[in-house]
Each structure stands twice: as structure tokens, then as C-alpha cells.
Amino acid sequence: MFSSLQNSKSLNSFQVLSTETPSNPYPHVTHNETFTIEGISYKLDDQTNVSPSILSKLSRKLHLQPHHPLYILRTQIEQHFPHFSYFNTFNPIVTVQKNFDDLGFPKDHPGRSKTDSYYINKQIMLRTHTSAHQLEVFSKMNTKFLISGDVYRRDEIDSSHYPIFHQMEGAQIFNIQNIEQEISKDKKYLISLNSRKIPLRDNSEVNDDTIISTNNPIQSCHPIEQVNFAIKHLKFSLNSLIKKLFINHDENLKIRWIDAYFPFTCPSWEMEIFFKGKWLEICGCGIVDQNILNKAGQSDKIGWAFGLGLERIAMVLFDIPDIRLFWSQDERFLDQFTDFNDNKIIKFLPFSKFPPCIKDISFWLNDQNFHENNFCEIIRNNAEDLVEDVKLIDDFVHPKTKKRSLCYRINYRSMDRTVTNDEINKIQERVREDIEEKLNVTLR
Ligand code: FA5
Ligand code: MG
């Protein structure tokens, strides 16, 4: 239903026709209230939880801004898949049907809950992943494509989490009868098979102990020989992509494959890279659920799909320490990447870190419904990008009353200036009022 908006202009204006102030993350909904986004009205209902501060970011489209690190990374990935079709302008406002139902998400999947996803109303939401467009693109008889876009999830607040991030979906499908011949047209793949190692980078290590088993089986409709061709080609395509992206990275590259689960691929895996002493998940992937290809009218095909997290990779490649920096409009950030007209990856040189302003907030819970994502959403709505992180520092149950008390530490810090205690106190006061009003807690 939204595919017709695919090439529409950016959603650069939105209007909230409600009586609520923009700081209110849960507009009180009465009968005829609507959001108007780029001239399209959406009815609000009791599922609505999207906030004006999130909607105001819809127009930014960082992956389409020339010289932005996410743009540079996107184009480098596209260059690795030169014969694919590219879709970079799908509307992030999608139906729940597309984001979840079409992909076989069970009705009780946690990703569907209001604490995890942003809903405009019961039927319409902000996509939580670029897989939301898979069925639509397969249905237009595409057999190899990349989709990039902004995706939205309600989440905690720290240096690697932001409610909006970017994904790149890739997929390639082959004629089941002819998969071996079709794959043999991929010259890079054949070279890698013959030389028993993937060219491009020598100081890298790929660890893959995954095996096909009942925990992560092949689909019963798939002939084993054919599916094995697809699996090998998927793993080759991603390993060689990562090796190419990291070709100039100073450290040794360690890649690891682990089993995973997605409702729309089977078998499924995640790919991780070793970074700063930890395994960092950069991608989910697998063999496309045959039901999706059947629904798309491509039942004679078999193939793979992946979804890469662009910020995660860009933070490592460009040395960007805080995910909020991607949203910075400060020229000290943006100008670092603009001199390079050939889309090179260059290291970010941090400008000075401005001092933090730390505030604690503690409260008693009056019921069992408290969810940290709702709490963080209220903070974000009042403080926007002035919050660096939010940490739970105390959680105790009173021995007599059995009431539970939580204490959170909010670390306020701007990326481009020194914040004043006065301004933060005002924000903190609004946060306190909001959480008391909306989360059924009693401030201490
Ligand atoms: C998905 O979103 C699946 N749609 C991926 C997929 C596509 C699987 C096609 C199979 C076939 P997941 O929720 O794991 O999966 O997210 C994919 C990637 O997005 C992660 O590996 C990670 O790199 C990135 N990502 C996920 N959550 C965040 C976050 N909060 N902040 C930044 N990046 C994130
Ligand atoms: Mg994951």
C-alpha cells in the first residue's frame, strides 16, 4: 500500500494536529486526532506511540546525504554487488502487515510490542527493519537487490543505541533447477573456491563452526544439494564484502558465524566481528523462507538474504565513538568526510569532549508495568540528543512494603557545546513530571 510513495519527496514536513505539546511521547488520543506527514493524514488510536521528536527525523535520510559516513558505506557496499538493483528511497512508514505479517512473525513475537516498536496506529508503523520491503521487491520479479533505509526501534540509551539506525538488506535468488550454473557466473566466487581462500585481505580470520542440524535446519521443501550451493554463496558474498570494506583497517580482522533465528529465513545465521575485545553483531542472514518466494510468484527460485547494520560497521571503520554523532549537523563532524570526492573511508578525528552533567532520578514503582524503553523514550523526548547514556544504578525491594524502587543515572552531554546546569535542571524537571504522570511511579 505504501509502495506508491517509494519515490516521493522526503518527508520534510510533518504536522501534529493534536493539542499535545511536542514533549509528550504519548499524545492523549481522542476520536478524530490525526498526524499529517507530507500531506498524508494518519488516524491516531490507542496503539499510537510515535513521538514528534522521532517523526522530525524522518526527513534526514542520512544514507542519502553525500559524504555522510553512512552514504559512503552504502555506496561501497553497492560497489561490491555491481549487478544488483538498488532501492534506497522506500518510505519508512509501512503497514504492520509488511513489517511483520508478510514475513511470518507470530502474533505474539516480542518485536511487535509497543515497548519495542513505534506505531502510528494499529495498522501503520515505522519499519523496524529493511526486511519489511522484501516481499514487495521479490514480487516485482527482482532476483538480486539491495535495499537501504532508516529503521526505528524503541530502545535503551547509550553510545551504540539510538532509536533510529540504518540497515542494508541484500538478497539474491537463483533458479532451483539451475543454481549451480547461475552461481558459476560469479567469477569472484569461483576464484575463491579454486584458491581455497578469499582474496582481498590476508590478515583476516573467518571462524565458522555452524552446522546444519535440527536446531537450524534446512527447509523441508529444499533439495539439499541446491540449498548448499545457496548457503556457500551467501557466506562467500558476506565474507568477501566485509574483507573488502576492512581492507585498509589497521587491526587484524576476525569474523565469526553463529546460528540464529529469524521468522523469514531458515537456516539463519548472524555474523560478528571482533572489535575492542568484544564480538560485535553486524548482520543477520539466511536462506529465504520459501513461503515468501511462493507468495511473490517466484516459487521456482531459491536464495539468500541478509540485513546489515550500517552504524555498527561505520563506527568501526570510521572510528566514530558515539552513535549520536551520525546525526550531528556540526561542520566539525560533517566536514571531515566532505573533502573526499571518491567516497573513501577516513578516520574521524574527535573534537574535544564537552563536560557531562549527571543527574540521578529515583522512584517507587506502583505496578508491574514499568518498562525501561518507555522511560528512555520520555528522556529522549525531553532532552533529544543531549543524553549520552542512561544507566540503572540501584534496584531494590523494600523488605516490609515489598515495593520496588529504581534509581537511574542520566548522563547529559552535548556533542558540540558545554551544557549549563540550569538548562539541564529544567529538562530534568520535565522528565520527572512526565515519568510521574505517565509511568505510574512515585518520585523519591
Ligand atoms: C534484522 O533486523 C533482520 N531483518 C536481518 C535479516 C535480514 C535477517 C534478512 C535475515 C535475512 P537484527 O534485528 O539482528 O535483524 O538486526 C540486523 C542488524 O542491525 C544487527 O546485526 C545489527 O548490526 C544492526 N542493529 C540491530 N539493532 C541495532 C541497534 N539498536 N543499533 C544499531 N544497530 C543495530
Ligand atoms: Mg540480531
Side-chain angles (χ1 to χ4, degrees), residues 54 57 60-65 68-78 80-81 86-88 90 92 94 99 103 111 116-118 126-134 145-171 234-235 237-246 249 253-265 268-276 278-286 304-327 345 348 373:
I54 289 290
K57 298 260 183 6
R60 293 284 302 277
K61 303 194 182 304
L62 301 180
H63 60 298
L64 303 179
Q65 303 309 320
H68 191 280
L70 296 176
Y71 173 101
I72 296 172
L73 180 57
R74 171 179 68 76
T75 51
Q76 290 214 350
I77 296 171
E78 287 173 354
H80 188 71
F81 295 100
Y86 312 129
F87 300 91
N88 298 318
F90 283 130
V94 298
N99 196 78
L103 295 166
D116 288 29
S117 297
Y118 288 106
L126 300 180
R127 66 183 164 211
T128 60
H129 55 173
T130 43
S131 305
H133 304 286
Q134 256 193 36
F145 57 85
L146 293 172
I147 305 167
S148 67
D150 36 341
V151 302
Y152 298 74
R153 296 187 193 176
R154 297 179 92 228
D155 222 325
E156 58 209 90
I157 301 180
D158 67 27
S159 63
S160 63
H161 288 88
Y162 197 80
I164 315 172
F165 60 97
H166 294 75
Q167 282 188 344
M168 197 137 174
E169 192 88 0
L234 163 66
K235 290 185 171 176
S237 302
L238 280 170
N239 284 334
S240 57
L241 168 69
I242 300 302
K243 287 174 185 223
K244 187 165 162 191
L245 292 174
F246 281 76
H249 197 65
L253 176 65
K254 276 205 238 168
I255 298 174
R256 147 173 119 170
W257 286 79
I258 54 171
D259 285 325
Y261 170 80
F262 299 100
F264 42 95
T265 51
S268 308
W269 300 276
E270 273 169 355
M271 191 190 202
E272 299 182 330
I273 57 175
F274 198 68
F275 177 63
K276 293 204 169 137
K278 278 202 283 203
W279 287 101
L280 179 73
E281 182 200 317
I282 54 166
C283 156
C285 62
W304 51 253
F306 65 71
L308 285 162
L310 292 185
E311 276 82 350
R312 294 263 173 94
I313 302 174
M315 285 173 85
V316 180
L317 284 176
F318 293 83
D319 246 346
I320 295 174
D322 189 315
I323 198 163
R324 288 180 299 163
L325 277 162
F326 290 104
W327 297 88
I345 289 168
F348 169 63
N373 287 354

Engineer: Mind checking salt bridge (charged side-chain N to carboxylate O under 4.0 Å, His left out) for Asp155 and listing every partner two or more places apart, or none if nothing turns up?
Structural biologist: none
Engineer: Step by step, would you call His63 with Tyr71 a side-chain contact (heavy atoms from CB on, under 4.5 Å)?
Structural biologist: CA-CA 4 Å; His63 60 298; Tyr71 173 101; 5.8 Å; no
Engineer: Distance check, rounded to the nearest 0.5 Å: Leu317 atom CG versus Ile345 atom CD1?
Structural biologist: 4.5 Å
Engineer: Which pair of heavy atoms, one from Asp116 and one from Gly111, lies closest together, and at what distance?
Structural biologist: CB-O, 4.0 Å
Engineer: Is there a side-chain contact (heavy atoms from CB on, under 4.5 Å) between Gln134 and Phe264 once you walk through the steps?
Structural biologist: CA-CA 10 Å; Gln134 256 193 36; Phe264 42 95; 4.3 Å; yes
Engineer: Going through the distances and angles, do Thr130 and Phe90 end up as a side-chain contact (heavy atoms from CB on, under 4.5 Å)?
Structural biologist: CA-CA 9 Å; Thr130 43; Phe90 283 130; over 6 Å; no
Engineer: Quick one: side chain to side chain donor-acceptor pair (under 3.5 Å) partners of Thr265, sequence neighbours excluded?
Structural biologist: Ser268
Engineer: So how far is it from His133 NE2 to Asn99 CG, rounded to the nearest 0.5 Å?
Structural biologist: 8.5 Å
Engineer: Does His161 form a side-chain contact (heavy atoms from CB on, under 4.5 Å) with Ile323? I'd like the steps, not just the answer.
Structural biologist: CA-CA 7 Å; His161 288 88; Ile323 198 163; 5.7 Å; no
Engineer: Short question: side chain of Glu169, backbone of Ser131 - any donor-acceptor pair under 3.5 Å?
Structural biologist: yes
Engineer: So do the side chains of Ser240 and His80 get within less than 4.5 Å of each other, counting heavy atoms only?
Structural biologist: yes
Engineer: Restricting to salt bridge (charged side-chain N to carboxylate O under 4.0 Å, His left out), what partner residues turn up for Arg153, sequence neighbours left out?
Structural biologist: none
Engineer: Quick one: sort the Phe306 and Trp304 rings into parallel, tilted or perpendicular, breaks at 30° and 60°.
Structural biologist: parallel
Engineer: Decide if the gap between the ring center of Phe262 and the ring center of His129 is smaller than 6.0 angstrom.
Structural biologist: no
Engineer: With sequence neighbours excluded, tell me which residues meet salt bridge (charged side-chain N to carboxylate O under 4.0 Å, His left out) with Glu78.
Structural biologist: Arg74
Engineer: If you compare all heavy atoms of Leu238 against all heavy atoms of Cys285, which two are closest, and at what distance to 0.1 Å?
Structural biologist: CD1-SG, 3.9 Å
Engineer: If only atom types and distance count, is the side chain of His68 paired as donor or acceptor with the main-chain N or O of Phe326 below 3.5 Å?
Structural biologist: yes
Engineer: What are the two closest heavy atoms between Met271 and Ile242, and how far apart are they?
Structural biologist: CE-CG1, 3.7 Å
Engineer: Roughly how far, to the nearest 0.5 Å, is CD1 of Ile258 from CD of Glu281?
Structural biologist: 7.0 Å
Engineer: Sub-3.5 Å donor-acceptor pair from the side chain of Arg60 to the main-chain atoms of Trp327, do we have one?
Structural biologist: yes
Engineer: I'd like to check the salt bridge (charged side-chain N to carboxylate O under 4.0 Å, His left out) partners of Glu270; sequence neighbours left out, ordered by chain and number.
Structural biologist: none
Engineer: Any side-chain heavy-atom pair from Arg256 and Trp279 closer than 4.5 angstrom?
Structural biologist: yes
Engineer: Using every non-hydrogen atom in the two residues, find where Ala314 and Leu73 come nearest and quote the distance to one decimal.
Structural biologist: N-CD2, 3.8 Å
Engineer: Any side-chain heavy-atom pair from Phe165 and Val151 closer than 4.5 angstrom?
Structural biologist: yes
Engineer: If you compare all heavy atoms of Pro321 against all heavy atoms of Ser159, which two are closest, and at what distance to 0.1 Å?
Structural biologist: O-CB, 3.9 Å
Engineer: Using every non-hydrogen atom in the two residues, find where Cys283 and Leu308 come nearest and quote the distance to one decimal.
Structural biologist: CB-CD2, 3.6 Å
Engineer: Drop me the distance from Ile282's CD1 to Leu241's CG, to the nearest 0.5 angstrom.
Structural biologist: 8.0 Å
Engineer: So if I apply the side chain to side chain donor-acceptor pair (under 3.5 Å) rule between Asp150 and each of Arg127, His166, Gln167, which one comes out positive?
Structural biologist: Arg127
Engineer: Tell me every residue that passes side chain to side chain donor-acceptor pair (under 3.5 Å) with Arg324, counting only those two or more places apart in sequence or in another chain.
Structural biologist: Asp322, Glu388
Engineer: Do Trp269 and Asp259 come close enough that some side-chain heavy atom pair is under 4.5 Å?
Structural biologist: yes
